[in-house]
Amino acid sequence: MPDRAPQPVDRQLPTEEARDLISLVRDIAQQEIVPKAAEEEDAGRFPRELFTLLSRSGLLGLPYDSEYGGGDQPYEVYLQVLEELAAARLTVGLGVSVHSLASYALAAYGTKEQQVEHLPAMLGGGLLGAYCLSEPHSGSDAAALRTKAVRDGDDWVITGTKAWITHGGIADFYTVMARTGEEGPRGITAFLVPGDAPGVSAAPPEKKMGMKGSPTAQVHFDGVRVSDARRIGKEGQGFAIALSSLDSGRLGIAACAIGVAQAALDEALAYAAQRRQFGKPIADFQGLRFMLADMATQIEAGRALYLAAARLRDAGRPFARQAAMAKLHCTDTAMRVTTDTVQILGGYGYTADFPAERYMREAKVLQIVEGTNQIQRMVIARHLVGPEGR
């Protein structure tokens, strides 16, 4: 294993507070995350105690209002925190991103009373969230979801199954999209469902090729009763809330992807500097040097793209097209860079003794979650030339 420590990314941060925040995250990553990452991923262990530490450190609510326990940080800063966490262990970085996604609906569309009641525990009280949109028969076609919520007096009764849910079975709360009206996107409403509500259960976690420490499972809602006070937004507004949530969530995935890619590049650089063939370090061979140069360039371009989108979001300007571009480019970059890292390490890259193979397996899922990269291309094209079939 190469023993050269990776060089920290030289970040342009807007405030001294942000620089201190990144230093805190790097300390937590090196002391609490990296030493256990390989072992826990191999064992399929989710580090719940680490998320408790992140919550106590104020890292689970960074982009939200401090009035409710958030960190008042711009997305430009929050995403760079995600990148640092994902570089240490994707299960952690993606887990924070999903928790933020699950909290978004209430933070952006909830009433003042709902926010006062629920957000402090969600953002800084040690709770962990999950986001429930996809179903066994509706993934990319999310508007075709079948989970139903039926009004019963002052309550709603939710019945259905959600699929591919990160933190499924271990979450303390679920942000659930359910059908309350007509077919299609206008008949969907959002709800905040407690993880311990009667009728909520989870299937065994999926057996995945990567991110084994992050549970992904179907979540069943069997006549789950929630009060109307847990409805988020207006009836029929759920699909618009879901799309708005995903615009921000895709930036989180982009940042996580660049974190994984950066970790892989650091591994490749360290190995290339130490591995000797034909009497000299393999880093001296031009073919390999060109690979490293391309990898670094793709990473820098991806980082610039997701930060540009984040700055648009922070300025209150439209950013959906740029978010889709960032998710597309950054996750494709992570796949290329991690694959090249395995190639640079040769036979060692294909063994579990080095983290390169884990990075490659983990990178693949980032091209799929929160809208496949084919969906991102559809989103981008619609912004460029309008909807299909006009």
Side-chain angles (χ1 to χ4, degrees), residues 41 43-48 51 90-91 94-105 122 127-150 156-180 183 185 187-226 230 232 238-239 241-243 245-246 249-250 252-253 256 361-362 364-372 375:
E41 282 298 321
R45 182 177 181 276
F46 181 74
R48 184 57 194 259
F51 280 82
L90 182 57
T91 285
L94 187 70
V96 174
S97 181
V98 167
H99 176 82
S100 182
L101 175 69
S103 302
Y104 174 87
M122 292 164 63
L127 300 187
L128 187 66
Y131 179 79
C132 296
L133 176 62
S134 294
E135 297 183 2
H137 301 285
S138 61
S140 294
D141 185 12
L145 64 83
R146 300 176 184 176
T147 295
K148 290 186 177 181
V150 178
W156 293 87
V157 179
I158 302 174
T159 303
T161 295
K162 294 296 182 177
W164 309 113
I165 306 305
T166 301
H167 303 155
I170 64 169
D172 298 299
F173 66 91
Y174 296 96
T175 297
V176 180
M177 305 300 164
R179 186 164 303 285
T180 56
E183 294 297 313
I188 297 170
T189 302
F191 297 91
L192 181 67
V193 180
D196 61 355
V200 176
S201 63
E206 306 288 351
K207 296 181 179 180
K208 309 190 299 288
M209 68 182 286
M211 287 198 69
K212 296 179 181 180
S214 176
T216 304
Q218 289 190 358
V219 179
H220 306 299
F221 299 89
D222 185 11
V224 176
R225 184 174 292 270
V226 296
R230 283 183 170 269
I232 303 173
F239 195 69
I241 293 173
L243 293 184
S245 300
L246 288 174
R250 285 166 179 162
I253 299 301
C256 286
R361 289 185 289 104
E362 291 177 341
K364 185 61 205 174
V365 76
L366 298 174
Q367 295 178 303
I368 299 171
V369 296
E370 295 192 29
T372 67
I375 290 294

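Numbering of residues begins at 1 and proceeds along the displayed sequence.
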Taking side chain as C-beta onward, heavy atoms only, is [X] less than 4.5 Å from [Y]?
X      : Y      : result
Asp222 : Ser201 : no
Ser138 : Arg146 : no
Arg179 : Leu145 : yes
Ile253 : Leu94  : yes

Counterpart residues, ring-ring contact (aromatic ring centres under 6.0 Å, His included), relative to Phe173 (two or more places apart):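 With neighbours one apart ignored, the set is His99.
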
Please enumerate all residues that pass ring-ring contact (aromatic ring centres under 6.0 Å, His included) together with Phe191, with sequence neighbours excluded.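 Only Trp156 meet the ring-ring contact (aromatic ring centres under 6.0 Å, His included) criterion with Phe191.
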
Any residue meeting side chain to side chain contact (heavy atoms under 4.5 Å, CB included) with Lys208, in chain and number order, not counting sequence neighbours: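 Per chain and number, Lys208 pairs via side chain to side chain contact (heavy atoms under 4.5 Å, CB included) with Glu206, Met211, Thr216.
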
Under the salt bridge (Lys or Arg N to Asp or Glu O under 4.0 Å) test, which residues partner Arg361, sequence neighbours left out?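 Arg361 satisfies salt bridge (Lys or Arg N to Asp or Glu O under 4.0 Å) with Glu357 once adjacent residues are dropped.
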
I'd like to check the salt bridge (Lys or Arg N to Asp or Glu O under 4.0 Å) partners of Glu41; sequence neighbours left out, ordered by chain and number.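 For Glu41, the residues satisfying salt bridge (Lys or Arg N to Asp or Glu O under 4.0 Å) (neighbours in sequence not counted) are Arg89.
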
How many angstroms lie between CZ in Phe239 and CG in Leu133, if you round to the nearest 0.5 Å?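 Result: 7.0 Å between the selected atoms.
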
For the aromatic rings, using the six-membered ring if either is Trp, is the centroid distance between Tyr131 and Tyr104 under 6.0 Å?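 Between Tyr131 and Tyr104, the centre distance exceeds or equals 6.0 Å.
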
Given 3.5 Å as the limit, does a donor-acceptor pair link the side chain of Ser100 with the main chain of Val96, or not?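 Side chain of Ser100 to backbone of Val96, a donor-acceptor pair under 3.5 Å: no, none is there.
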
Backbone of Thr91 reached by a side-chain donor or acceptor of Ser214 within 3.5 Å: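 Pair absent, no side-chain N/O of Ser214 close to backbone of Thr91.
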
Any salt bridge (charged side-chain N to carboxylate O under 4.0 Å, His left out) pairs touching residues 130-144, not counting sequence neighbours?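 Every pair satisfying salt bridge (charged side-chain N to carboxylate O under 4.0 Å, His left out) with a residue in residues 130-144: Glu135-Lys162.
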
